[in-house]
Engineer: 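Structure provided below as structure tokens; questions to follow.
The chains referred to below are lettered A, B, ... by the order of the sequence lines, with proteins before strands, and numbering in each begins at 1.
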Number of protein chains: 2
Amino acid sequence: MNESDSANNPRFSRSVSVGRAESVSPMASAHDHTACIERALKEADLLCANADVRLTELRRKVLELIWQSHAPLGAYRLMEMLEQASDRKRVAPPTVYRALDFLIEQKLIHKVHSLNAFIGCTRPRQPHGDALFICRECGFTEEVASKPIQQAINLSASQQRFEVEDQFMEIIGRCAACRAKQKSGASQEELL
Amino acid sequence: MNESDSANNPRFSRSVSVGRAESVSPMASAHDHTACIERALKEADLLCANADVRLTELRRKVLELIWQSHAPLGAYRLMEMLEQASDRKRVAPPTVYRALDFLIEQKLIHKVHSLNAFIGCTRPRQPHGDALFICRECGFTEEVASKPIQQAINLSASQQRFEVEDQFMEIIGRCAACRAKQKSGASQEELL
DNA sequence: ATGGTTATGTTATCATATAACACTTTAAGG
DNA sequence: CCTTAAAGTGTTATATGATAACATAACCAT
Ligand SMILES: [Zn+2]
Ligand SMILES: [Zn+2]
Ligand SMILES: [Zn+2]
Ligand SMILES: [Zn+2]
């Protein structure tokens with residue numbers, strides 16, 4: 001298990017590359033990610049205060065670690081990061097799963113079911129059910145709220161008299177950055 | 001682990017009720033399910049012959065067992081069923097997972113990621129990526145191909161210059177049958 | 001027949017998630 | 001303040017889902 005898994009593994013099945021300070025998604029240099037993290041945490045503070053629930057130190061730390069990158073993060077990888085980040089000797093699965101459950105309940109993160117991983121939600125106030133566009137190569141995951149998609153689903157549901165309670169949309173492929181990268185590298189690859 | 005899990009477990013997380021001859025989904029009595037199974041197997045025979053791949057006895061048996069109901073079936077439950085169905089002493093995970101991988105490649109089944117389970121595909125010839133409407137109560141899962149949904153996704157992808165390779169849409173809720181059942185049972189429940 | 005290829009069997013292990021119960025912190029009421 | 005119930009966290013064990021690695025068997029084209 002190492003941090004280049006997501007680049008090597010064709011199925012990008014787990015342990016996605018996540019910022020250990022230097023290993024980062026291609027978007028990391030394209031924006032001030034520190035601002036992303038701060039904004040997310042501040043938003044979480046507000047929402048939890050509003051909902052009268054407690055964003056404890058642990059829960060907040062977990063949220064911060066998930067926001068270390070825009071790529072989904074597995075629970076066990078998160079455990080390792082928690083151990084490093086805090087002075088703790090060991091963090092056991094229930095600890096992290098309980099924090100994850102809380103964050104999901106408060107709609108602060110999403111579970112990415114096709115990867116068994118978790119990612120920060122970019123619109124915690126809006127109704128959930130957005131589509132997640134997940135780059136197979138770099139892990140970068142974009143949450144997209146699309147009214148046409150939602151309307152299409154609602155129409156289909158009502159036609160079946162199906163009562164929607166929750167929904168997961170995960171679209172796997174290659175992000176714009178990775179496509180551009182390949183295109184520019186094509187000439188070199190031919191030299192092999 | 002027993003066959004009434006899907007009714008008891010609020011998250012309907014696994015081991016969905018599947019036809020052991022009498023435990024069945026609410027739709028089971030509403031249609032000739034034997035015909036569903038036969039049609040699916042016949043279709044699979046044709047498609048595999050066409051693709052020049054081998055639908056071996058094991059793979060065909062796995063497909064048949066998955067089609068025992070319209071509810072997703074977990075790999076380990078499937079293993080148990082294989083042991084019972086055949087005279088085999090023991091079926092190990094790799095055996096069933098390899099068959100599942102094959103069936104997924106041939107687009108004969110879908111993986112239901114939010115349940116870690118598998119379900120027969122009702123349109124193995126069409127391009128995949130349909131939405132799965134999954135009843136939380138009875139497990140009944142309906143595959144719906146919606147052109148509006150697909151168009152909305154494609155539009156959103158092209159706007160981001162995202163290249164779609166695969167997609168999963170899982171909508172959780174309550175099917176028409178289960179909603180009707182509850183409505184008719186409402187008066188009795190009030191007596192409690 | 002024979003040898004390469006594909007499929008299956010077998011054992012071990014990894015990866016993900018939860019149950020059960022103990023202990024600690026928090027916040028509310030007296 | 002002090003008590004105390006509730007909420008949160010720690011700890012151990014275990015359930016559940018999936019794959020690696022290698023051995024054997026079936027298939028099929030010469
Ligand atoms: Zn960012
Ligand atoms: Zn990318
Ligand atoms: Zn049927
Ligand atoms: Zn139902």
Engineer: In this structure, how many angstroms lie between the P atom of D:dA18 and the CG atom of B:L115, rounded?
Structural biologist: 11 Å
Engineer: What is the distance from NE2 of B:H113 to C1' of C:dA17, rounded to the nearest Å?
Structural biologist: 18 Å
Engineer: In whole Å, what is the span from the CG atom of B:D101 to the P atom of C:dT8?
Structural biologist: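 Distance, rounded to whole Å: 12 Å.
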Engineer: Rounding to an integer number of Å, can you tell me how far B:M79 CE sits from D:dA18 P?
Structural biologist: 12 Å
Engineer: Establish, with yes or no, whether the OP1 or OP2 oxygen of C:dA15 is under 4.0 angstrom from a side-chain nitrogen or oxygen of A:Y76.
Structural biologist: no
Engineer: Grab the CZ-C1' distance between A:R98 and D:dG10 for me, whole Å please.
Structural biologist: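 Atom CZ in A:R98 sits about 7 Å away from atom C1' in D:dG10.
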Engineer: Is there a side-chain contact between B:L58 and B:L82, using heavy atoms and a 4.5 Å cut-off?
Structural biologist: yes
Engineer: Return the residues of residues 40-55 of chain A meeting this criterion: a heavy atom under 4.0 Å from some atom of DNA chain D. Order them by number, or give none.
Structural biologist: A:R54
Engineer: Could you check which of C:dT18, C:dT10, C:dT8 has an atom nearest any side-chain atom of B:P94?
Structural biologist: C:dT10
Engineer: By the ring pair (Phe, Tyr, Trp, His ring centres under 6.0 Å) test, which pairs, at least two apart or in different chains, include something from residues 151-170 of chain A?
Structural biologist: A:H113-A:F168, A:F162-B:F133
Engineer: Using 0.5 Å steps for rounding, measure from the SG atom of B:C36 to the CG atom of B:L41.
Structural biologist: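 One finds 11.0 Å between SG of B:C36 and CG of B:L41.
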Engineer: Side-chain N or O of B:N116 versus OP1/OP2 of D:dA18: is the shortest distance under 4.0 Å?
Structural biologist: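 Yes, because at least one side-chain N or O of B:N116 sits under 4.0 Å from OP1 or OP2 of D:dA18.
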Engineer: How many Å lie between CG on A:L100 and P on C:dA15, as a whole number?
Structural biologist: 18 Å
Engineer: List in chain and number order the residues that pass side-chain contact (heavy atoms from CB on, under 4.5 Å) with B:Y76, two or more places apart in sequence or in another chain; answer none if no residue qualifies.
Structural biologist: B:M79, B:P93, B:Y97
Engineer: On the nucleotide D:dA18, are OP1 or OP2 found under 4.0 Å from the side-chain N or O atoms that B:K111 carries?
Structural biologist: yes
Engineer: Does C:dT8 have OP1 or OP2 under 4.0 Å away from a side-chain N or O of B:R59?
Structural biologist: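 Answer is yes, contact under 4.0 Å.
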Engineer: When you measure only distances, ignoring hydrogens and angles, does the side chain of B:R88 come within 3.5 Å of the base of C:dG9 through a donor and an acceptor?
Structural biologist: no
Engineer: Does the pair A:E80/A:R77 count as a salt bridge with the N-to-O cut at 4.0 Å?
Structural biologist: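 Salt bridge flag = yes for A:R77 with A:E80.
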Engineer: Would you mind checking if B:R88 and B:E83 are paired as a salt bridge, meaning a charged N to carboxylate O distance below 4.0 Å?
Structural biologist: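 B:R88 and B:E83: not salt-bridged.
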Engineer: Which comes earlier along DNA chain C counting from the 5' end, the contact point of A:P93 or that of B:T56, where each point is its nearest nucleotide?
Structural biologist: B:T56
Engineer: Closer to the 5' end of DNA chain D via nearest nucleotide, is it A:A92 or A:F102?
Structural biologist: A:F102
Engineer: D:dG10 phosphate, OP1 or OP2: any side-chain N/O from A:T95 under 4.0 angstrom?
Structural biologist: yes
Engineer: Please classify the nucleic acid contact of A:R90 as base, sugar-phosphate, or nothing, using heavy-atom distances under 4.0 Å.
Structural biologist: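 Base contact.
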Engineer: Atom CD of B:E105 to atom P of C:dT6: distance rounded to whole Å?
Structural biologist: 12 Å
Engineer: Whole Å only: how far is the OH atom of A:Y97 from the P atom of D:dT9?
Structural biologist: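 Spelled out: OH on A:Y97 to P on D:dT9 is 17 Å.
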Engineer: Check for a donor-acceptor pair, side chain of B:R179 on one end and backbone N or O of A:R161 on the other, with a separation under 3.5 Å.
Structural biologist: yes
Engineer: Check whether any side-chain heavy atom of B:K107 sits under 4.5 Å from a side-chain heavy atom of B:L47, and report yes or no.
Structural biologist: no
